[in-house]
Structures are given as structure tokens and as C-alpha cells.
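Here's the structure, in C-alpha cells; my notes come after.
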Amino acid sequence: MIHDVLQALRQRTHQILITTHWNPDGDAIGSALGWAHYLRASGHQVRVVLPNAPSKPIQSSPGYSSAFVTVAEERPDEAAEVFRRAELHFALDYNTPSRVGSALEPMVREFAGRQVLVDHHQQPDGLFVDAYSNTAKGSTSEMIADLITADDGWGNVDVACAENLLMGMITDTGSFRFPSTTAHTMATAARLIEVGAQPHAIHTRLFDANPLSRLHTFGHGLQSAELLAGGRAAILSLGSSDLESAGYVAGDSEGLVNWGLSVDGVEVSVLLREDAAGLVKMSFRSTGDRDVNEFARTHYSGGGHRNAAGGASSLGLAQLKEELTQKLSEWLA
Ligand code: 5GP
Ligand code: MN
């Protein structure tokens, strides 16, 4: 159990490896760097291995550019070496090794040391015997703060740690507006602010630093919105020609899918985005008890959370839209 892990950490210095998922978002980076800063302040040797680089705004998170962070896509040999040396691995903000991408997945699966999962996604993989998994939590970053509390370690939380954890909480709670936001979430955020994290600065860094291509991407996506299933679902799509004319760069469509839910009566919103290889990446969002995790798992070998999930399909955009119209209509009837 996680308490045994914390106790073991208190007894001696460990060589610790922290990983997070492919295309790391604010919570992935926030939890990974926040935990890294904390463990370093507690005397451990810590390395963070990221499958690939996050978006530009997240790259200015405190510690991102330091020597203890390796982006595996850029430095694969170094990443492999870190895996070989580590004795304890924290897997943060993902539930299964397939989420770290094809280069890192075998390294996670074959890791010889102790594997510890800290995550809020559903269906945690059995590979992780030591797990702090709680799907009711709004962010992995909040869970890291819980571990710090359990470790009686707030004295080791510096501004860099606090900034990262608060960034993760802000990202995954939709700036404290999703249903997963609790009194405990707010109390944790308050504690991080007391340490020196600045919510306004984080917000500006994350949300007011968009390239113009993001606005144009949103323009195409919003214009494409259609209602289906009697107005209970919205579907937005970005074809490769839309992306090209918007000058799309990775991350530009993040958050777009949420706009589908802003339409009166819509319970499920889907965004389809064509990638260069013709594969369509799907993002699902829902309200209340509508379980898009289940829908994405069943039909599109995807997953995520009850109200936010993803998947992919190799059907063409038009055909996929047709298929979805049918499946969503059946589901929501
Ligand atoms: P997004 O729509 O923002 O890409 O992802 C929403 C949620 O679904 C995230 O929590 C993410 O971890 C999860 N997710 C996205 N794509 C996939 C996927 O292909 N497989 C699984 N298992 N989860 C996904
Ligand atoms: Mn998360």
C-alpha cells in the first residue's frame, strides 16, 4: 500500500523515477514536477521522464528545463538509462502503461523495481500493485498534495512544488468548476497559495498565451458544430483541411469539445480531429451520469473518466460521423 511506500521513502535515500502520460497536460506535468520538487527537497535522487514535450505554456512550469527532466522522444538513450538505474517508479496521471506511448511502454512493463501508481482515471492496471487510485479526485496533483499530507511533509513544499501542483489542479478542474471540485480541493489550493503559488500568474501563463492558430482552429471547430440524437449530443469536427487553413499546431484544439456542452440540452459532446496519417482522434465530454468512459471503451478502444474520455478510429471522418450519429442516437434514446 501507499503508506508502506511513504514509510520506505522516509528510511533512506531512493533513486526515484517519475513518469506521466503521452502528450502531458497541465495535471500530468504539475503532478510529476510537483512530486519531483517535493521528493528532492526530502533528500531523494529524482528523475522525471516524459514521453514527449508538453505545450509551450506548460514548458515554463518551474523545473521543466532542469537536468532532472528527460523528454524520451528527444533523448531516448538517456530515458532508457534512467529506467535502468531507478529503484522506485511513480506512474502519475495515467492508468495503464499503454498511455505512455510505444517507446516507453515496454520500459514501464519490464521495470524491475517497485511500481507505484498515483492516478484518478478509471480501471487502474493490475501491473501497479502499489496504487493510490481515486476516481473521485479532480486531479492527480490534488492526490500528490494528499500524499504530502500523509507524509507530514508540507515543510518540504517550496514555491516551485506549489506552483506545479496548483497548475495541475487548475487544469483538471476547469479552473475549479467541474463537479470533482470539493471543499478539500479548495483547502488544498489555499494551502498551495499560502506557500507562494500564484493562481493569477498560472492562469495567465496557461490561458492567455495562445497562438492565433488556436483561435482559427476554434473558429473552424465551432462553425462545424451539429446537434444529433434529438439535440442531446453535439458533434464538432476538424478535418485535415481545416487544420491546415487554421495553421494548427498541437494543443490548439484543447478545450474545444467543451463548447458542445454549452448548448442547451446537450448531454454529450464529441470532437473529431483528423491527424496527418488519417487517423481520427476523438474527445468525449458529458454531463451528469452519462458515462463517456464506458462509451469510448466499448466502441473506440479508448477510455478516461466518466465525464471526459478519448479514443481513436481509423474510419474516415465522414464515415465515422455517420457511425457516431447512429451509436449516440441509440445510446441517448
Ligand atoms: P482528451 O479528450 O482531453 O484528449 O482526453 C480526455 C480524457 O480521456 C483524459 O483524461 C485522457 O486521459 C483520456 N483519454 C484520451 N484519449 C484516450 C485514449 O485513447 N485512451 C484512453 N484510455 N484514455 C484516453
Ligand atoms: Mn489528470
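These numbers come from a predicted model, not from an experiment. Numbering of ligands and ligand atoms starts at 1, following listing order. No hydrogens, no waters, no symmetry mates; every other heavy atom, side chains included, goes into these values.
Under 4.0 Å is where a charged nitrogen must lie from a carboxylate oxygen, and between Lys137 and Asp146 at least one such pair does. The existence of a salt bridge linking Asp275 and Lys281 is excluded, since no basic side-chain nitrogen approaches an acidic carboxylate oxygen closer than 4.0 Å. With salt bridges taken as basic N to acidic carboxylate O contacts below 4.0 Å, one links Glu163 and Arg205.
Tyr94 and Thr19 share a side-chain donor-acceptor pair at under 3.5 Å.
Cation-pi check for Arg191 over Trp154 is met; the charged atom lies under 6.0 angstrom from the ring centroid and within 45 degrees of its normal.
With hydrophobic clusters built from ILVMFWY side chains whose heavy atoms lie under 4.5 angstrom apart, Met167 shares a cluster with Met186.
Side-chain contact check for Leu33 versus Ile18: every heavy-atom pair is 4.5 Å or farther apart.
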Can you give me every donor-acceptor pair (side chain of residues 282-289, partner residue at least two apart or in another chain, under 3.5 Å) with its distance?
{"unit_1": "Ser286", "atom_1": "OG", "unit_2": "Arg290", "atom_2": "O", "d": "2.6"}
{"unit_1": "Ser286", "atom_1": "OG", "unit_2": "Arg306", "atom_2": "O", "d": "3.3"}
{"unit_1": "Ser286", "atom_1": "OG", "unit_2": "Asn307", "atom_2": "ND2", "d": "3.0"}

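In this structure Ala131 satisfies the side chain to side chain contact (heavy atoms under 4.5 Å, CB included) test together with Leu117, sequence neighbours excluded.
At a cut-off of 2.8 Å, measuring from the Mn ion (ligand 2), the protein N, O or S atoms that fall short of it are Asp27 OD2, Asp93 OD1, His120 NE2, Asp172 OD2, waters left aside.
Contact residues of ligand 1 (protein heavy atom closer than 4.0 angstrom to a ligand atom; sorted by chain and number): Arg99, His121, Lys281, Ser283, Arg285, Gly302, Gly303, Gly304, His305, Ala308, Ala309, Gly310, Gly311.
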